Peer 1: 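Below: one structure in structure tokens.
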There are 2 protein chains.
Amino acid sequence: MEIVQHLSKEKLEKAAFILKTVAHPTRLAVIDLLSYREKMSVNELCSVLDCEQSLLSHHLINMKLKGILNSQKDGQNVYYSLKEKDVVKLISCIENCDCNM
Amino acid sequence: MEIVQHLSKEKLEKAAFILKTVAHPTRLAVIDLLSYREKMSVNELCSVLDCEQSLLSHHLINMKLKGILNSQKDGQNVYYSLKEKDVVKLISCIENCDCNM
DNA sequence: CAAATATATGAACATATTTTCATGTAAAAA
DNA sequence: TTTTTACATGAAAATATGTTCATATATTTG
């Protein structure tokens, strides 16, 4: 009886890495919003999400760094958009789960 | 121009919560293994995953607590199985993502 | 019953993540 | 050209998570 893992250590680490950068209410909300609106400025996101500017900035920059978001400067504004659109699927995927809390 | 979030704070928090408990290489590996094998004992998981017993136990109990796993004692062994099978989808879902690292 | 095996537990420690706050920079407006 | 607006940055503080280690408990075996 031989049991082997079929997912490599690298794949597991990459998957965990992506999941971790998504696993936060604010960041999920950003992803969700950007799945409906092509792009949004930091300010717009700030007010919709009711999140402090600096904190949101940290989140956005982090998500960009990790390949999930894109940013594009236009005048004073910086518009963020989804780079990795597949992450949106994670949301609908998780909505079916019925885990305890 | 009115922008609203369509996901409630509760939904976002629940989703982030589940994603967080999944977002770890070892825990992902457990989920993956249990998607192929109905159930596995702590010992089996330990050796396949090459993970220290106590550490794995902590992970398993945590996942059980959070509604992802089930456990069932049989003699000296404790068999863990997937309770929330939908989480398996997260793995294939994430495998398509192409984020930077 | 003593020893061995399988698992759990909890505290201490290490590390990582999140949040806050004060301040910096660049563009636009007054 | 000062002020305002939008955003970024970085360090400190707060919090959460992961890991280790020593030990406990239950079950089985000799």
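Chain naming here is simple, since letters A, B, ... match the order of the sequence lines and numbering starts at 1 in each. Here the structure is a predicted model, which is why all the values come from computation and not from measurement.
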Peer 1: Both S71(B) and A23(A) contact DNA chain C. Which one's nearest nucleotide lies toward the 5' end?
Peer 2: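 Nearest nucleotide further toward 5': that of S71(B).
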Peer 1: With sequence neighbours excluded, tell me which residues meet salt bridge (Lys or Arg N to Asp or Glu O under 4.0 Å) with D50(A).
Peer 2: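 Residues passing salt bridge (Lys or Arg N to Asp or Glu O under 4.0 Å) with D50(A): none at all.
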Peer 1: For S35(B), which residues count as a side-chain contact (heavy atoms from CB on, under 4.5 Å) partner, sequence neighbours excluded?
Peer 2: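 S35(B): side-chain contact (heavy atoms from CB on, under 4.5 Å) contacts with D32(B), L82(B), V88(B).
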Peer 1: Under the side-chain contact (heavy atoms from CB on, under 4.5 Å) test, which residues partner K9(A), sequence neighbours left out?
Peer 2: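 With sequence neighbours excluded, K9(A) shows a side-chain contact (heavy atoms from CB on, under 4.5 Å) to E13(A), given in chain and number order.
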Peer 1: On the nucleotide dA6(C), are OP1 or OP2 found under 4.0 Å from the side-chain N or O atoms that N43(B) carries?
Peer 2: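 So the side-chain polar atoms of N43(B) do come within 4.0 Å of the phosphate oxygens OP1 or OP2 of dA6(C), strictly under.
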Peer 1: If only side-chain N and O atoms of H59(A) are considered, is one of them under 4.0 Å from the OP1 or OP2 phosphate oxygen of dT19(C)?
Peer 2: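 Yes, such a contact exists.
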Peer 1: Partners of I61(B) by side-chain contact (heavy atoms from CB on, under 4.5 Å), sequence neighbours excluded?
Peer 2: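 Expected list: S57(B), Y80(B).
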Peer 1: Between dT18(C) atom P and L56(A) atom CG, what is the distance in whole Å?
Peer 2: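 Going from L56(A) (CG) to dT18(C) (P), I get 13 Å.
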Peer 1: Is there side-chain contact between I94(B) and K14(A), with at least one heavy-atom pair below 4.5 Å?
Peer 2: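 When only atoms from C-beta onward are counted, K14(A) and I94(B) do not touch, as no gap falls below 4.5 Å.
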Peer 1: Donor-acceptor pairs under 3.5 Å, side chain of residues 19-31 of chain B to any protein atom, not counting sequence neighbours: which ones?
Peer 2:
residue: H24(B); atom: ND1; partner: T26(B); partner atom: N; Å: 3.1
residue: R27(B); atom: NE; partner: T21(B); partner atom: O; Å: 2.7
residue: R27(B); atom: NH1; partner: H59(B); partner atom: ND1; Å: 3.2
residue: R27(B); atom: NH2; partner: K20(B); partner atom: O; Å: 3.3

Peer 1: Just to verify, what does E95(B) make a side chain to side chain donor-acceptor pair (under 3.5 Å) with, not counting sequence neighbours?
Peer 2: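 If we apply the side chain to side chain donor-acceptor pair (under 3.5 Å) test to E95(B), skipping adjacent residues, the hits are K11(A).
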Peer 1: At 4.0 Å (heavy atoms only), tell me whether L60(A) reaches a base, stays on the sugar-phosphate, or touches nothing.
Peer 2: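 Contact class for L60(A): none.
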Peer 1: Quick one: is dA6(C) close enough that its OP1 or OP2 comes under 4.0 Å of any side-chain N or O from Y80(B)?
Peer 2: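 So the side chain of Y80(B) is outside the cut-off, no N or O lying under 4.0 Å from OP1 or OP2 of dA6(C).
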Peer 1: How does each nucleotide of nucleotides 24-30 of chain C score, in 5' to 3' order, for protein heavy atoms under 4.0 Å: base (B), sugar-phosphate only (S), or none (-)?
Peer 2: ---BS--
Peer 1: On DNA chain D, which is the earliest and which the latest nucleotide, 5' to 3', with an atom closer than 4.0 Å to a heavy atom of chain B?
Peer 2: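 Here the contact window of chain B covers dT17(D) to dT28(D).
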Peer 1: Identify the heavy atoms of K64(B) and S71(B) that sit nearest to each other, and give their distance.
Peer 2: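 Where K64(B) meets S71(B) most closely, the heavy atoms are NZ-OG, 2.8 Å.
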Peer 1: Is the shortest heavy-atom distance from the side chain of V42(B) to the side chain of N77(B) under 4.5 Å?
Peer 2: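 They are not in side-chain contact.
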Peer 1: Please find the pair of heavy atoms, one from S41(B) and one from E44(B), that lie closest to each other, and give the distance.
Peer 2: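 Looking at all heavy atoms of both residues, the shortest contact is N-OE1, 2.9 Å.
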Peer 1: Please list each protein N or O that sits under 3.5 Å from an N or O in nucleotides 13-17 of chain C, with the distance.
Peer 2:
residue: dT17(C); atom: OP1; partner: K20(A); partner atom: NZ; Å: 3.3

Peer 1: E52(B): what forms a side-chain contact (heavy atoms from CB on, under 4.5 Å) with it, not counting sequence neighbours?
Peer 2: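 So E52(B) forms a side-chain contact (heavy atoms from CB on, under 4.5 Å) with S54(B), L55(B).
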Peer 1: How many Å lie between CG on N62(B) and P on dT7(C), as a whole number?
Peer 2: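 The distance from CG of N62(B) to P of dT7(C) comes to 18 Å, rounded to the nearest Å.
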Peer 1: Contacts to DNA chain C from residues 47-55 of chain A, heavy-atom cutoff under 4.0 Å, which residues?
Peer 2: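 Result for residues 47-55 of chain A: S54(A), L55(A), sorted by number.
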Peer 1: Go through the structure and list residues passing salt bridge (Lys or Arg N to Asp or Glu O under 4.0 Å) with K39(A), not counting sequence neighbours.
Peer 2: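 Checked K39(A) against salt bridge (Lys or Arg N to Asp or Glu O under 4.0 Å); zero matches.
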Peer 1: If you round to the nearest 0.5 Å, how far is CD of E10(A) from CZ of F17(A)?
Peer 2: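 Rounded to the nearest 0.5 Å, the CZ-CD separation comes to 15.0 Å.
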